[in-house]
2 protein chains.
Amino acid sequence: MGATKSDHFTQKQNDIATIAKAFAHPARVAILEYLLKVDACICGDIVNELPLAQPTVSQHLKELKNAGIISGNIEGNAICYCIDEKVWEKNRKIFETLFERINKKKTCC
Amino acid sequence: MGATKSDHFTQKQNDIATIAKAFAHPARVAILEYLLKVDACICGDIVNELPLAQPTVSQHLKELKNAGIISGNIEGNAICYCIDEKVWEKNRKIFETLFERINKKKTCC
DNA sequence: AATGTTTATCGTAATATTGCAATATTAAAA
DNA sequence: TTTTAATATTGCAATATTACGATAAACATT
């Protein structure tokens, strides 16, 4: 096969997996770090920052957009991408909650 | 192609992507949530908990193990898996740092 | 209107991931 | 030692992801 059986898992589990998938490629991490760094919406110079061809970057941007993490505004003939702070905060909480669910009293291993 | 050009990105970016990839499948999230919940190292009943065949679960366990997130101890003829708290804590910090790097002063979008 | 710039989409190739049946391995139990 | 139970590995099919050249679409500029 190869198709994930997402219908057999909880909504929450699928949500976490989907967000994680958006972060699961160094190019997308690089895009997000760039957007975090420049502290302003930056357009197509993301392409110049990355060691990838323009269509590839466009594809990664699309995935981040589909995940809701970034949004794009038309600005002249360029497009201005930036992080959606609301979604970013939501995702931060989801991961924080997951990571904090650990129980410190070891029983074995 | 299809092969990630990981050599063109920073170590940190690749690290984040690798950790995220481990969380990027609902089955693996389900395994981790189960291990978090039972608060003890649980062995092969992970297979019974998941809607997947034994070899598939074994494969997901292997990926989590390769990512360093869990470790397996032989316990009789069963194997006891549990979360590596040190790695868990390290990963928690990595994501916390990433998520907190956001700058609240919006400039556009 | 013609041209240039920027970004998206299409088509396609290479590779990776997911899933499972069959089988191997390992160690306990009989 | 044979059997049984638990887990891993192999082999393979289906699907997804990554990457990019070619091209299209959108818009500004000339």
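Just so we're on the same page: letters track the sequence lines, and every chain starts at 1.
Put simply, NZ on A/K21 is 9 Å from P on D/dA16, counting in whole angstrom units. Computed from coordinates, the A/N66 CG to D/dA16 C1' distance equals 15 Å when rounded to whole Å. Between A/E75 atom CD and D/dC27 atom C1' there is a gap of 13 Å when expressed in whole angstrom units. For the pair A/L64 CG and D/dT17 P, the computed distance is 13 Å after rounding to whole Å. Between the C1' atom of D/dC20 and the CG atom of A/L50 lies a distance of 15 Å, rounded to the nearest Å.
No option in A/L32, A/V87, A/D84 other than A/L32 meets the side chain to side chain contact (heavy atoms under 4.5 Å, CB included) test with A/I70.
If you check every strand for non-hydrogen atoms under 4.0 Å, A/I74 touches nothing.
Using a 4.0 Å cut-off between a side-chain N of Lys or Arg and a carboxylate O of Asp or Glu, B/E33 and A/R101 qualify as a salt bridge.
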Below 3.5 Å, can you tabulate the donor-acceptor pairs from side chains in residues 16-28 of chain B to any protein atom, sequence neighbours excluded?
| residue | atom | partner | partner atom | Å |
| --- | --- | --- | --- | --- |
| B/T18 | OG1 | B/N14 | O | 2.8 |
| B/H25 | ND1 | B/A27 | N | 3.0 |
| B/H25 | NE2 | A/T4 | OG1 | 3.2 |
| B/R28 | NE | B/A22 | O | 2.9 |
| B/R28 | NH1 | B/H60 | ND1 | 2.9 |
| B/R28 | NH1 | B/E63 | OE1 | 3.1 |
| B/R28 | NH2 | B/K21 | O | 3.1 |

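Put simply, CG on B/L61 and CD1 on B/I79 are 9.5 Å apart, with the number rounded to the nearest 0.5 Å.
Residues satisfying the salt bridge (charged side-chain N to carboxylate O under 4.0 Å, His left out) test with A/E89, not counting sequence neighbours, are A/R92, A/K93, B/K104.
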field: Test log, rule side chain to side chain contact (heavy atoms under 4.5 Å, CB included), inputs B/I31 and B/E49
entry: CA-CA 9 Å; B/I31 290 171; B/E49 275 288 312; over 6 Å; no

Nucleotide N/O to protein N/O under 3.5 Å, stretch nucleotides 1-11 of chain D:
| residue | atom | partner | partner atom | Å |
| --- | --- | --- | --- | --- |
| D/dT7 | OP1 | B/G44 | N | 2.9 |
| D/dT7 | OP1 | B/I79 | N | 3.2 |
| D/dA8 | OP1 | B/Y81 | OH | 2.4 |
| D/dA8 | OP2 | B/S58 | OG | 3.0 |
| D/dA8 | N7 | B/Q54 | NE2 | 2.7 |
| D/dA8 | N6 | B/Q54 | OE1 | 2.9 |

